[in-house]
Number of protein chains: 2
Amino acid sequence: MASHQVTIKDIAKILGISASTVSRALKDHPDISPKTKKMVQAFAAKVHYRPNALALNLRRSKTNTIGIIIPEIVHHFFSSVLAGIDKVAYAAGYNVMICQSNEDYDREVSDAQALLDNRVDGILMSLSKTTTNFDHINGLIDNGVPVVFFDRAPEGISADRVVIDDYVGAKIATHHLISIGCKKILHLAGPQHLAIGKRRKEGYESALNEIGIDFNPDYLIKCDTRDEVFANAGKILTMANEIDGIFAVNDSTAIAAMQVLMKNGIKIPDHIAVIGFGDGPNATIAYPPLSTVEQKGIEMGKEAIQLLINQIENEEETYTPQTKVLTPVLRIRESTAKFKD
Amino acid sequence: MASHQVTIKDIAKILGISASTVSRALKDHPDISPKTKKMVQAFAAKVHYRPNALALNLRRSKTNTIGIIIPEIVHHFFSSVLAGIDKVAYAAGYNVMICQSNEDYDREVSDAQALLDNRVDGILMSLSKTTTNFDHINGLIDNGVPVVFFDRAPEGISADRVVIDDYVGAKIATHHLISIGCKKILHLAGPQHLAIGKRRKEGYESALNEIGIDFNPDYLIKCDTRDEVFANAGKILTMANEIDGIFAVNDSTAIAAMQVLMKNGIKIPDHIAVIGFGDGPNATIAYPPLSTVEQKGIEMGKEAIQLLINQIENEEETYTPQTKVLTPVLRIRESTAKFKD
DNA sequence: AACGACTCCGCAAACGTTTGCGTTAAAAAG
DNA sequence: CTTTTTAACGCAAACGTTTGCGGAGTCGTT
């Protein structure tokens with residue numbers, strides 16, 4: 001029944017004055033007499049008047065809302081990015097509208113359209129794995145919507161982006177294995193047509209080269225999910241006697257690998273040291289606790305939204321896009337505890 | 001620079017007809033002649049006309065947006081609820097606006113206010129741990145905003161809610177321990193002033209009673225985080241010889257407990273069987289893989305949004321609030337593999 | 001020839017604000 | 001006692017839509 005939020009017009013009618021006077025009184029405009037102000041403000045407070053954001057937004061073509069397109073929410077890395085975004089967005093007075101593409105291209109473009117339709121002030125996005133066409137984001141940019149990418153950014157599009165340095169991260173991880181004595185390191189790799197898989201593999205290769213070891217194609221297995229690890233268990237186990245270290249493209253596959261190795265009596269890290277990439281909560285939960293490089297989701301979120309807000313609020317001059325790259329930091333745990341002389 | 005999304009008025013001006021005609025032509029109104037329709041529709045398509053959602057929302061006081069207030073996003077359970085919500089919301093044509101309270105009461109009320117200001121069509125929420133005053137949600141309800149609670153719902157407020165049956169879940173878990181031979185079961189409990197902690201403890205107690213065992217206060221330790229487990233490690237270890245099972249109020253504490261036990265040479269499940277509550281991804285990652293009861297986040301999200309949509313779309317008559325309770329299901333893994341005769 | 005019935009379209013109000021400008025009355029200046 | 005200033009307020013347009021109503025013009029019926 002209430003069903004009717006009180007409006008400025010209502011107040012005006014009841015108080016017998018005009019809507020413009022009410023509006024000005026509420027914002028302390030000098031043209032309004034002190035008594036009128038007091039009266040209006042007191043009454044507004046009494047009836048819990050709140051401005052209608054829809055009307056405001058329409059009037060000033062500004063929604064104070066930023067849109068987010070994220071591949072999937074149920075993923076520790078992405079949800080921690082969200083947490084980082086949310087924190088500074090809230091502090092700066094912005095609301096967030098979150099869309100999840102579910103790694104689906106069509107959904108991604110429809111999300112972009114929806115955010116555009118709702119006139120968000122800016123968009124933060126991370127590409128879906130299936131996105132190869134960028135018309136929708138060019139559409140956003142053509143419409144003057146500020147966009148910044150995080151983690152997964154398109155090639156060849158001029159926009160702000162914040163990413164982590166996969167190449168360096170992989171290098172750090174591999175060097176760590178080397179530093180504890182590993183010489184024959186297996187790499188469980190992601191798909192090489194994706195930047196992330198490719199760069200991590202390159203970092204691994206480069207670290208090996210730096211100490212004079214040539215990349216051995218036998219020491220690379222394409223598998224980047226738990227299921228794939230189990231599917232490749234046989235292959236991994238036959239190599240187990242030969243290798244002394246594993247660098248996995250992400251934590252889940254590192255952990256799965258540890259699970260198959262241990263189930264077959266191979267000791268970690270005594271026999272084989274293992275390191276992952278990502279540092280979700282899984283790493284500390286695993287047995288043995290997994291060494292890894294931390295991906296800094298929260299920080300990434302904060303940087304991204306900060307870039308976006310800057311872009312929104314200084315939209316006067318022409319903006320030259322920036323790229324922030326975060327370097328992952330090594331987290332040493334028991335899966336690579338020093339085990340050789 | 002584009003900076004100006006094309007509007008109905010623009011189209012009208014260019015085509016030399018009125019805005020109302022354009023509007024009607026776009027929605028195939030019978031009053032418009034076929035040629036005019038074709039002309040308008042063709043032109044609108046050419047310039048990529050898209051209706052301004054702000055204006056639409058204002059006009060029909062309907063935003064097609066539902067608001068969500070969630071304690072924290074970086075939490076597997078909550079993010080899977082979000083995933084469930086998102087899935088059916090998207091299918092039904094709604095956008096979602098997500099606010100995270102960070103378990104903070106003040107933030108929760110400010111979030112509620114923001115959603116109200118933005119005239120969301122309905123609100124889905126899960127209470128922050130620090131919320132004891134419910135004025136803000138009564139405010140929402142008084143304003144006629146449909147609200148449904150999930151997981152953490154307020155007592156004494158008449159509203160839809162979907163929760164899981166903590167009591168039964170705890171009972172199932174405890175009975176499972178009993179079924180494999182455990183007689184002396186330690187309970188790592190949550191705070192008893194919170195419903196969740198209390199009901200899980202009661203379920204545990206009831207299961208024991210059903211097989212004629214009295215609740216032994218010595219077998220209850222208040223600790224529900226990893227850190228608390230480590231802080232109570234001494235206490236737990238001194239009991240380790242005496243007990244044969246542990247039921248923990250959630251998976252993280254169950255896993256932490258396994259970690260301290262194993263580090264001290266106690267075998268799981270041979271010596272002590274362990275079961276948790278929640279079934280996040282941690283459970284399968286743990287060593288040994290953790291038995292637990294599954295909390296069904298996705299399903300909870302789907303049910304909740306469905307309830308909300310029903311409420312939004314049949315808002316004619318007076319609505320009598322429902323409560324859906326989901327019963328958790330047992331997931332047996334190695335941490336409770338049968339170990340006694 | 002006149003009248004009704006259609007067809008097709010435009011006017012204007014409305015949603016809730018904000019704001020430039022004009023208006024009124026009282027106060028200050030001459 | 002005029003005239004100008006100033007204080008305090010209201011009108012109306014605007015943001016982009018939708019929609020009830022009315023108005024032209026056309027056609028068909030008597």
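Everything quoted here is computed from the prediction, not taken from an experiment.
Toward the 5' end of DNA chain C, the nearer of the two residues B/K37 and B/A55, judged by each one's closest nucleotide, is B/K37.
In this structure, a donor-acceptor pair under 3.5 Å is absent between the side chains of B/Y49 and B/T7. With hydrogens and angles left out, the side-chain atoms of B/D111 and B/S101 include no donor and acceptor closer than 3.5 Å. In this structure, a donor-acceptor pair under 3.5 Å is absent between the side chains of B/Q113 and B/H136. The closest side-chain donor-acceptor pair between B/S18 and B/T21 falls under 3.5 angstrom.
As judged by a 4.0 angstrom heavy-atom cut-off over every strand, B/S33 is placed among residues touching the sugar-phosphate backbone only. Among the atoms of the strands shown, none is found under 4.0 Å from any heavy atom of B/R119. B/I32 comes within contact range of the sugar-phosphate backbone alone, with a heavy-atom separation under 4.0 Å but no base atom that close. At the heavy-atom level, B/I17 lies under 4.0 Å from the strands shown only through sugar-phosphate atoms. Counting non-hydrogen atoms under 4.0 angstrom, B/L56 reaches the backbone sugars and phosphates but no base. Across all strands, B/S20 comes closer than 4.0 Å to base atoms (heavy-atom distances). Within the 4.0 angstrom heavy-atom criterion, base atoms lie near A/S23. Base engagement by B/R24 is indicated by at least one non-hydrogen atom pair under 4.0 Å involving a base atom.
Note: NZ (B/K38) to P (C/dC8) measures 13 Å, nearest angstrom. Residue A/D31 contributes atom CG, which lies 13 Å from atom C1' of C/dT23 at whole-angstrom precision.
Contact check on A/R24 versus A/D31 returns no salt bridge, with no Lys/Arg side-chain nitrogen under 4.0 Å from an Asp/Glu carboxylate oxygen. Using a cut-off of 4.0 Å between Lys/Arg side-chain N and Asp/Glu carboxylate O, B/R152 and B/E103 are scored as salt-bridged. Salt-bridge annotation for B/D86 and A/R107: present, with a side-chain N of the basic residue lying under 4.0 Å from a carboxylate O of the acidic one.
Within the 4.5 Å cutoff, the side chain of A/N95 has no heavy atoms near those of the A/Y90 side chain.
Boundaries of the chain B contact region on DNA chain D are D/dC15 to D/dG20, first to last in 5' to 3' order (nucleotide atom under 4.0 Å from a heavy atom).
Here A/D135 pairs with nothing under the salt bridge (charged side-chain N to carboxylate O under 4.0 Å, His left out) rule; sequence neighbours left out.
One finds no side-chain N or O of B/S18 lying less than 4.0 angstrom from the OP1 or OP2 phosphate oxygen of C/dC9.
Helical stems in DNA chain D, defined as runs of 3 or more consecutive Watson-Crick or G-U wobble pairs with both donor-acceptor distances under 3.5 Å, are listed by first residue as C:1-27 with D:4-30.
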